Student: 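Dropping a structure here in structure tokens format, bear with me for questions.
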Amino acid sequence: DGGITQSPKYLFRKEGQNVTLSCEQNLNHDAMYWYRQDPGQGLRLIYYSQIVNDFQKGDIAEGYSVSREKKESFPLTVTSAQKNPTAFYLCASRKTSGDYNEQFFGPGTRLTVL
Amino acid sequence: KNEVEQSPQNLTAQEGEFITINCSYSVGISALHWLQQHPGGGIVSLFMLSSGKKKHGRLIATINIQEKHSSLHITASHPRDSAVYICAVRSPRDAGGTSYGKLTFGQGTILTVHP
């Protein structure tokens, strides 16, 4: 079945460590997105990528980095520079041809920094 | 003021009741999405609409572009409908003619349906 996988579902890290969250899709979508969700707030865009080897900062990119070496994969690294990394992280993808294409979301990774 | 506002923030209902969740936005959009998030965290897209009304089973979504307002209705609500419902709007094409599909999200409405 086609879809988006994120792993792991729960992740614990010590303060000061970098951590990489995985996102893989087999939907043949060109665009991929990373969002952060905090309690009581709407999802906020961290980074997005329209095409392989290209990505753009979203609204809250500071302290994060991404790569897009393959169409299927868009890993997110939470660096030690991110001041409040504990959050729920959602990856999404979308077909870019045409205007009215939905975004499909992965199951999310809950990151807790101790 | 947030660009996307949902009301109510919390909603409790008895099984069988008709439910309405509202979404107002203040920016130009190319489409509006209604999403459902269950306690496990994964998000499912319910509707994407740019005009009029859509229906899927017991769910109905409407949008009024002139008033910048959308509603999500659930008829004959059931405890399994308990979830967070999120409204998100997609920005129009940018000046370069491309659309990266940016979504701006509301804070979500927490719906609890009791048996």
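First the proteins, then the strands, lettered A, B, ... as listed; each starts at 1. Since the model is a prediction, treat every value here as computed from it, not as a measurement.
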Student: I'd like to know if A/Phe74 and A/Leu27 are part of one continuous hydrophobic network [Ile/Leu/Val/Met/Phe/Trp/Tyr, side-chain heavy atoms within less than 4.5 Å].
Tutor: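 In one cluster: no.
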Student: Hey, could you give me the CG/CD distance between A/Leu43 and B/Gln37, rounded to the nearest 0.5 Å?
Tutor: 7.0 Å
Student: Give the minimum heavy-atom separation between A/Phe105 and B/Leu103, together with the two atoms involved.
Tutor: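 Shortest heavy-atom separation between A/Phe105 and B/Leu103 comes out as CZ-CD1, 4.4 Å.
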Student: Is it true that atom CD1 of A/Ile51 has more than 12 heavy atoms of other residues, nucleotides or ligands lying nearer than 6.0 Å?
Tutor: no
Student: Verify the cluster assignment for B/Ile63 and B/Ile74: are they in a single hydrophobic cluster under the rule of side-chain heavy atoms below 4.5 Å apart?
Tutor: yes
Student: Heavy-atom distance under 4.5 Å to chain B: side chain of A/Leu90, backbone, both or neither?
Tutor: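 Just its side chain gets close to chain B.
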Student: At a heavy-atom separation under 4.5 Å, does B/Leu35 approach chain A through its side chain, its backbone, both, or neither?
Tutor: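 Answer is side chain: those atoms of B/Leu35 sit under 4.5 Å from chain A.
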Student: Please say yes or no: joined through hydrophobic side-chain contacts below 4.5 Å, possibly via intermediate residues, are B/Val113 and B/Leu59 part of one cluster?
Tutor: yes
Student: To the nearest 0.5 Å, what is the distance between CD1 on A/Ile4 and CD1 on B/Ile43?
Tutor: 10.5 Å
Student: Please tell me whether A/Tyr33 and A/Phe104 are part of a single hydrophobic cluster in this structure, the criterion being side-chain heavy atoms less than 4.5 Å apart.
Tutor: no
Student: Checking A/Arg44 now: which residues fulfil salt bridge (Lys or Arg N to Asp or Glu O under 4.0 Å) with it, not counting sequence neighbours?
Tutor: A/Asp38
Student: Locate the shortest heavy-atom distance separating B/Arg90 from A/Gln103; write the atom from each residue and the value.
Tutor: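 Minimum heavy-atom contact is NH2-N, 4.5 Å.
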Student: Can you confirm whether more than 12 heavy atoms, excluding those of A/Lys9, are under 6.0 Å from its NZ atom?
Tutor: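 It does: A/Lys9 NZ has more than 12 such atoms within range.
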Student: Take a 6.0 Å sphere around CD of A/Gln17 and say whether it holds more than 12 heavy atoms from other residues, nucleotides or ligands.
Tutor: yes
Student: Heavy atoms under 4.5 Å from chain A: which residues of residues 76-84 of chain B carry them?
Tutor: none
Student: Given heavy-atom pairs under 4.5 angstrom as the criterion, report whether the side chain, backbone, both or neither of A/Gln56 touches chain B.
Tutor: neither
Student: Is it true that B/Leu32 and B/Ile60 fall in one hydrophobic cluster, defined by side-chain heavy atoms closer than 4.5 Å?
Tutor: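 No, B/Leu32 does not connect to B/Ile60 through the hydrophobic network.
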